[in-house]
Amino acid sequence: DAKTTQPTSMDCAEGRAANLPCNHSTISGNEYVYWYRQIHSQGPQYIIHGLKNNETNEMASLIITEDRKSSTLILPHATLRDTAVYYCIVGRRTGANNLFFGTGTRLTVIP
Amino acid sequence: GAVVSQHPSRVICKSGTSVKIECRSLDFQATTMFWYRQFPKQSLMLMATSNEGSKATYEQGVEKDKFLINHASLTLSTLTVTSAHPEDSSFYICSVPDGVSSYEQYFGPGTRLTVT
């Protein structure tokens with residue numbers, strides 16, 4: 001599975017958009033980009049995934065560059081409850097595959 | 001989405017004893033479950049893949065005789081830490097892949113193990 005690179009930490013003001021970048025320059029054609037987050041002392045939570053096209057759901061938007069070498073997770077209106085570690089993971093469909101977690105980005109939403 | 005539970009949520013045990021952690025998929029059957037371990041301020045590391053009806057697959061460096069995995073049914077997998085030592089103190093998390101969509105994995109709330 002391709003590796004990912006994320007900033008160690010980021011701050012975001014409450015109510016503003018949080019933009020979390022991820023580099024995955026070695027991604028292969030059949031690999032997806034997944035985002036999970038982990039709130040302190042809890043299990044990770046799925047946020048969103050994409051292959052080529054930008055995706056949006058009730059939690060977030062995922063913007064994938066045309067060359068697929070990087071992506072950005074956007075939380076449109078960050079709240080204090082969005083404070084968590086966000087993991088960008090690249091891999092095939094995870095139905096029977098485990099997830100390889102990197103170090104992630106620790107997002108702190110500031111009041 | 002699926003609900004995954006773990007029991008216990010926290011456990012403290014003495015060095016040399018064994019501890020069993022349960023992972024249950026509450027609303028759908030899972031032939032595969034994953035067990036992760038997370039040390040303080042570190043990321044999740046896969047320990048093993050639990051397979052219903054067959055032996056678990058362990059990651060390199062994980063002792064299969066120390067971390068016993070039993071996938072007894074399609075809704076239950078157990079991880080037993082045998083002869084626990086303080087260095088086994090960690091946050092243990094299980095996950096269940098979504099067999100329908102195959103995109104999402106559902107994680108349990110985790111079990112905090114402290115070995116004194």
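Numbers restart at 1 for each chain; the letters A, B, ... are given by sequence-line order, proteins then strands.
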Exercise for the section: Could you tell me whether M45(B) atom CE has more than 12 heavy atoms of other residues or ligands within 6.0 Å of it? Expected result: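 Not buried by this count: 12 neighbours or fewer within 6.0 Å.
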Handout entry: Enclosure of H85(B) NE2 (heavy-atom neighbours >12, cutoff 6.0 Å)
Key =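 Enclosed.
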Are [Y] and [X] connected into the same hydrophobic cluster when the rule is that any two of I, L, V, M, F, W, Y join if their side-chain heavy atoms are below 4.5 Å apart?
X: Y106(B); Y: Y92(B); answer: no
X: F67(B); Y: L46(B); answer: no
X: L80(A); Y: I74(A); answer: no
X: W35(B); Y: V62(B); answer: yes
X: F34(B); Y: Y32(A); answer: yes

Would you give the length of the straight line joining atom [atom1] of [X] to atom [atom2] of [Y], rounded to the nearest 0.5 angstrom?
X: I89(A); Y: L44(B); atom1: CD1; atom2: CG; value: 8.5 Å
X: Q105(B); Y: Q45(A); atom1: CD; atom2: CD; value: 14.0 Å
X: F101(A); Y: Q42(B); atom1: CZ; atom2: CD; value: 14.5 Å

Handout entry: Closest contact, heavy atoms only, F91(B) versus S41(A)
Key =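 Closest heavy-atom pair between F91(B) and S41(A): CZ-O, 3.6 Å.
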Handout entry: Heavy-atom pair with the smallest gap, counting every atom of Y36(B) and L99(A)
Key =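 Closest heavy-atom pair between Y36(B) and L99(A): OH-N, 2.9 Å.
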Exercise for the section: Determine which residues belonging to residues 108-116 of chain B lie within contact range of chain A, meaning some heavy atom pair is under 4.5 Å apart, and list them by number or answer 'none'. Expected result: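 Expected list: G108(B), P109(B), R112(B).
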Handout entry: Ring centres under 6.0 angstrom apart (F107(B), Y46(A))
Key =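 Judged by ring-centre distance (under 6.0 Å), F107(B) and Y46(A) do not meet the cut-off.
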Exercise for the section: Could you give me the CA-CA distance, side-chain angles and deciding distance for I93(B) and Q42(A), then say whether side chain to side chain contact (heavy atoms under 4.5 Å, CB included) is met? Expected result: CA-CA 9 Å; I93(B) 310 170; Q42(A) 297 183 25; over 6 Å; no
Practice task
Counting only heavy atoms closer than 4.5 Å, note whether Q38(B) contacts chain A via side chain, backbone, both or neither.
Solution key: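 Side chain only.
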